[in-house]
Undergrad: 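A single structure is presented below for examination.
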Amino acid sequence: MTEFFQLPPEERAQYLTKDHSKQVKVFNYYQKYEDIGKVTMWSETFSHPWHPTEDFSHLLPTNPPQYREVFAEYARAIGVLFDRLLSLISRGLGLDKDCLKRRIGEKPGLNTQANYYPACPDPELTMGMPDHNDLGSITVLLQLEGVTGLQVIKDGKWLTVDPVPDAFVINLADQTQVLSNGKFKSVGHRAVTNKLLPRLSLGMFYNPNYDTVIGPIEDLIDEEHPTKYRKYGFKEYMEEFYRQEGKRRRVKEAFELQR
Ligand SMILES: O=C(O)CCC(=O)C(=O)O
Ligand SMILES: [Fe+2]
């Protein structure tokens, strides 16, 4: 991935688009975000599916020449890791080990996003990626070693998550919060820019498909834990996501039940 972002910009420009529906795409967080102050986005993102390989691998770059092969191997290994993580999280909720995977459903939306943040002479004026929550189930994030940038918010404070060699960061995302009826929290996070070094991160996402209905798992609901979210189709969730474009999104909040 590092080599992909070292290619001349003209080479990557063939993938540049603002069309969300493209499978393989390069884009920038070019939008002005209203509520994070006077900062400019400072990143370039390359995104495409990671499974099932045969559906999209012919669209992936042929430069760097080893890209398709190396990516396919990585995706296979991360697929195994996702299965393990989803079953551990299910068991952590006191559920059957297949429960979360089953609820996220058939034909999940499996996408990857590589984020490249060039070194920035004045990091105060820029943001790599604005404050957000991932919207799927969980995210497996790999950070380039030796360059900090990722921060998570806890009790209103930003905490830096330094890269640990040979380790992934696992983000709990919105659908896990809803399915767990709020027992597990989706993490708010952002990426800041670095004055001296370019940074790269690679996220692998595991989302429901548009037809899947999501809502708190019935076994987690009782008198003491009344249902916190209404049921929705994931398509509706994504429509709400796009509706909130350009500001700090609060997507799952739109599906909270008032009491
Ligand atoms: O660059 C990072 O560490 C954050 C990336 C991220 O949050 C994302 O791709 O959703
Ligand atoms: Fe994220």
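Atoms within each ligand, like the ligands themselves, are counted from 1 in listed order.
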Undergrad: Indicate yes or no: does an N/O atom of Tyr117 lie under 3.5 Å from an N/O atom of ligand 1?
TA: yes
Undergrad: Which ligand 1 atoms, with their elements, are less than 4.0 angstrom from a heavy-atom of His132?
TA: 6 (C), 7 (O), 8 (C), 10 (O)
Undergrad: For ligand 1, which atoms, with element, lie under 4.0 Å from some heavy atom of Phe205?
TA: 9 (O), 10 (O)
Undergrad: Can you see whether His189 engages Asp134 through a side-chain donor-acceptor pair at a distance of less than 3.5 angstrom?
TA: yes
Undergrad: Would you mind writing out the side-chain donor-acceptor pairs for residues 141-151 within the sub-3.5 Å range, not counting sequence neighbours?
TA:
{"unit_1": "Gln143", "atom_1": "OE1", "unit_2": "Arg199", "atom_2": "NH2", "d": "2.7"}
{"unit_1": "Gln143", "atom_1": "NE2", "unit_2": "Val161", "atom_2": "O", "d": "3.1"}
{"unit_1": "Gln151", "atom_1": "OE1", "unit_2": "Arg190", "atom_2": "NE", "d": "2.7"}
{"unit_1": "Gln151", "atom_1": "OE1", "unit_2": "Arg190", "atom_2": "NH2", "d": "2.8"}

Undergrad: Would Phe205 end up clustered with Phe82 when hydrophobic side chains under 4.5 Å apart are linked, directly or stepwise?
TA: no
Undergrad: Using a strict 4.0 Å cut-off to heavy atoms of His189, name the atoms of ligand 1 that fall inside it.
TA: 7 (O)
Undergrad: Ignoring hydrogens, just give me the one of Pro163, Ser43, Ser201, Gly203 whose non-hydrogen atom is nearest atom 2 (C) of ligand 1.
TA: Ser201
Undergrad: Answer yes if Val169 and Val140 sit in the same cluster of Ile, Leu, Val, Met, Phe, Trp and Tyr residues linked by side chain heavy atoms under 4.5 Å apart, and no otherwise.
TA: no
Undergrad: Can you see whether Gln175 engages Asn207 through a side-chain donor-acceptor pair at a distance of less than 3.5 angstrom?
TA: no
Undergrad: What protein N/O/S atoms are there under 2.8 Å from the Fe ion (ligand 2), waters excluded?
TA: His132 NE2, Asp134 OD1, His189 NE2
Undergrad: Can you name the atoms of ligand 1, numbered from 1 with element, that are less than 4.0 Å from a heavy atom of Ala191?
TA: 1 (O), 2 (C)
Undergrad: Excluding sequence neighbours, so at least two apart, what forms salt bridge (Lys or Arg N to Asp or Glu O under 4.0 Å) with Glu236?
TA: Arg230
Undergrad: What residues form a salt bridge (Lys or Arg N to Asp or Glu O under 4.0 Å) with Arg102, not counting sequence neighbours?
TA: Asp96
Undergrad: Heavy-atom contacts with Arg199 under 4.0 Å: which atoms of ligand 1 show up? List them by number with element.
TA: 1 (O), 2 (C), 3 (O)
Undergrad: Any heavy atom of Arg190 sitting closer than 4.0 Å to ligand 1?
TA: no
Undergrad: For Asn115 and Ser43, test the side chains for any donor-to-acceptor distance below 3.5 angstrom and give the result as yes or no.
TA: no
Undergrad: Which of the numbered atoms in ligand 1 are below 4.0 angstrom from a heavy atom of Gln113?
TA: 9 (O)
